[in-house]
Amino acid sequence: TPSRQIPIRSTLRRPVHPIRPRRQVPNLQTTVVALLGAESTGKTALSHALVARAHRLDIPAVLVEETLRTWVNAHGRLPAAHDQASIATTHEDAITRAVSALKATKQEAHALVIADTTSIMTAAYSRYYFQDDAIWEQARAAETAGGKRIRLLMGLDLPWQEEAGQRDGPQHQGGVDTLLRQHLSQHGWDYHVVYGKNEARVDAAWRTIATQLSREDWLDAQPESQGRSDWVCQDCSDPDCERYLFTRLLAAKSNNESSK
């Protein structure tokens with residue numbers, strides 16, 4: 001018999017979108033898909049598009065929206081250093097509640113929590129703007145708390161979009177992006193870089209999610225002739241390729257500085 005839809009009740013001040021019902025089967029596996037990236041790199045738009053894609057395929061999925069955005073709207077200002085820990089905690093609590101709500105339904109072998117950032121982003125902003133590394137401890141605790149996480153890092157290939165009161169400016173994108181990559185690598189947290197505009201970005205992200213979960217049945221059939229050589233960089237989300245280039249750039253920079 002079909003399962004009854006379970007509403008999500010949250011004490012947080014931002015919505016957690018409802019679960020799409022599906023037939024009951026045991027052993028629900030819930031994966032958190034964490035969208036990371038500097039300002040104006042398409043995290044929010046992609047998070048909504050991924051939930052919509054999952055629902056079209058009848059895959060249970062919940063969207064956890066960005067706490068920072070809601071916080072700024074509520075307070076009418078950007079957060080100070082002493083606000084960072086509370087923002088990180090509130091956001092991770094929302095992710096935990098979404099995971100628990102999905103597990104309680106026991107509907108599908110795989111289900112998704114699409115998180116518009118995690119405490120990793122709060123930690124990165126704290127380091128970049130306030131030279132404060134304290135939030136990385138919270139981020140580490142959240143990342144090791146259990147359950148699978150797929151981290152999608154947004155590429156810097158989208159045009160800057162102004163958003164009054166929410167964003168500082170495009171001059172900060174590169175610094176935040178570099179900081180994120182360094183800390184993700186230092187902590188041993190795997191990540192996958194997503195490029196492309198509009199639907200191509202959604203396709204690249206969805207392809208990564210399906211591949212990481214070994215759910216090729218979530219992908220549209222591709223012609224046998226279509227191989228890796230057909231993809232171009234802006235439509236690719238191969239982390240090994242970009243991480244290799246990024247690591248070489250850092251090494252070259254370090255060698256240049258040491259030789260001075």
Side-chain angles (χ1 to χ4, degrees), residues 31-51 61-72 79 84 87-92 94-96 98-99 112-129 133 135-145 147-158 160-161 163 166-168 170 172-196 201-202 204-209 211-212 236-243 246-247:
T31 297
V32 174
V33 179
L35 273 57
L36 309 172
E39 293 178 333
S40 192
T41 53
K43 298 185 297 294
T44 298
L46 181 59
S47 67
H48 285 268
L50 290 175
V51 171
V62 170
L63 171 63
V64 177
E65 296 182 353
E66 185 182 22
T67 297
L68 176 59
R69 180 181 298 274
T70 304
W71 192 98
V72 170
Q84 300 299 309
I87 291 172
T89 299
T90 299
H91 196 71
E92 289 295 344
I95 293 173
T96 300
V99 170
L112 302 174
V113 171
I114 309 297
D116 185 359
T117 79
T118 67
S119 54
I120 289 177
M121 281 310 309
T122 312
Y125 287 140
S126 293
R127 180 68 184 91
Y128 183 81
Y129 288 107
D133 286 323
I135 308 301
W136 288 111
E137 290 299 325
Q138 287 182 251
R140 271 195 291 271
E143 292 296 317
T144 58
K148 183 176 180 62
R149 290 197 175 194
I150 298 173
R151 302 170 196 88
L152 302 181
L153 177 63
M154 305 297 102
L156 301 182
D157 57 329
L158 298 182
W160 177 265
Q161 299 290 329
E163 190 173 355
Q166 290 281 351
R167 295 172 178 167
D168 281 343
H172 298 290
Q173 276 189 324
V176 173
D177 181 73
T178 299
L179 183 66
L180 272 171
R181 293 167 185 263
Q182 289 175 337
H183 277 272
L184 287 167
S185 296
Q186 287 172 9
H187 289 90
W189 296 329
D190 290 337
Y191 65 94
H192 310 269
V193 185
V194 177
Y195 287 106
R201 203 177 193 85
V202 182
W206 188 256
R207 186 165 55 247
T208 298
I209 294 168
T211 301
Q212 288 298 304
C236 178
S237 59
D238 187 338
D240 295 327
C241 177
E242 172 152 334
R243 197 177 309 173
F246 182 69
T247 303

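These numbers come from a predicted model, not from an experiment.
No side-chain heavy atom of Leu156 sits under 4.5 Å from any side-chain heavy atom of Tyr195. Looking only at side-chain heavy atoms (C-beta outward), Leu46 and Val202 come within less than 4.5 Å of each other. Using a 4.5 Å heavy-atom cutoff, the side chains of Arg151 and Thr118 are not in contact. With contacts defined as side-chain heavy-atom distances shorter than 4.5 Å, the pair Asp177/Met154 does not qualify. Under the 4.5 Å side-chain criterion, counting only non-hydrogen atoms from C-beta, Ser185 is in contact with Tyr191.
For the side-chain contact (heavy atoms from CB on, under 4.5 Å) criterion with Met121, the lone passing option out of Ile87, Val176, Leu68 is Val176.
Looking at Lys43, its side chain never comes within 3.5 Å of a backbone N or O of Thr117 through a donor-acceptor pair. In this structure, Asp190 contributes its side chain and Ile150 its backbone to no donor-acceptor pair below 3.5 Å. At least one donor-acceptor pair under 3.5 Å links the side chain of Gln173 to the backbone N or O of Glu39. Judged by distance alone, the side chain of Arg127 and the main-chain N or O of Asp133 form no donor-acceptor pair under 3.5 Å. In this structure, Thr122 contributes its side chain and Gln84 its backbone to no donor-acceptor pair below 3.5 Å. Listed for the His187 side chain is a donor-acceptor partner under 3.5 Å among the backbone atoms of His183.
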task = Show the numbers, then the answer: is there a side-chain contact (heavy atoms from CB on, under 4.5 Å) between Tyr129 and His172?
result = CA-CA 10 Å; Tyr129 288 107; His172 298 290; 3.9 Å; yes
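Between the CG atom of Leu152 and the OG atom of Ser47 there is a distance of 11.0 Å, given to the nearest 0.5 Å. Taking CG of Leu112 as the reference point, atom CG of Leu50 lies at 8.5 Å (rounded to 0.5 Å). Here the CD1 atom belonging to Ile95 is positioned 8.0 Å from the OG1 atom belonging to Thr67, to the nearest 0.5 angstrom. Between the CZ atom in Arg140 and the CD1 atom in Ile120 there is a gap of 11.0 Å [rounded to 0.5 Å]. Taken to the nearest 0.5 Å, the CG atom of Leu36 stands 9.0 Å off from the OG1 atom of Thr41.
Here the closest heavy-atom approach between residue Leu180 and residue Ala124 is recorded as CD2-CB, 3.8 Å. When every heavy atom of Val64 is checked against every heavy atom of Ala98, the shortest pair comes out as CG2-CB, 3.7 Å. Nearest heavy atom pair, residue Val72 against residue Pro79, reads CG2-CD, 4.0 Å. Taking every heavy atom of both residues into account, Gly37 and Tyr125 meet most closely at O-OH, 3.9 Å. Contact detail for Ser126 and Ile135: the closest heavy-atom pair is OG-CG1, 3.5 Å. Closest heavy-atom contact between Ala88 and Gln138: CB-NE2, 3.7 Å.
Side-chain contact annotation: Glu65 with Thr70, donor-acceptor N/O pair under 3.5 Å absent.
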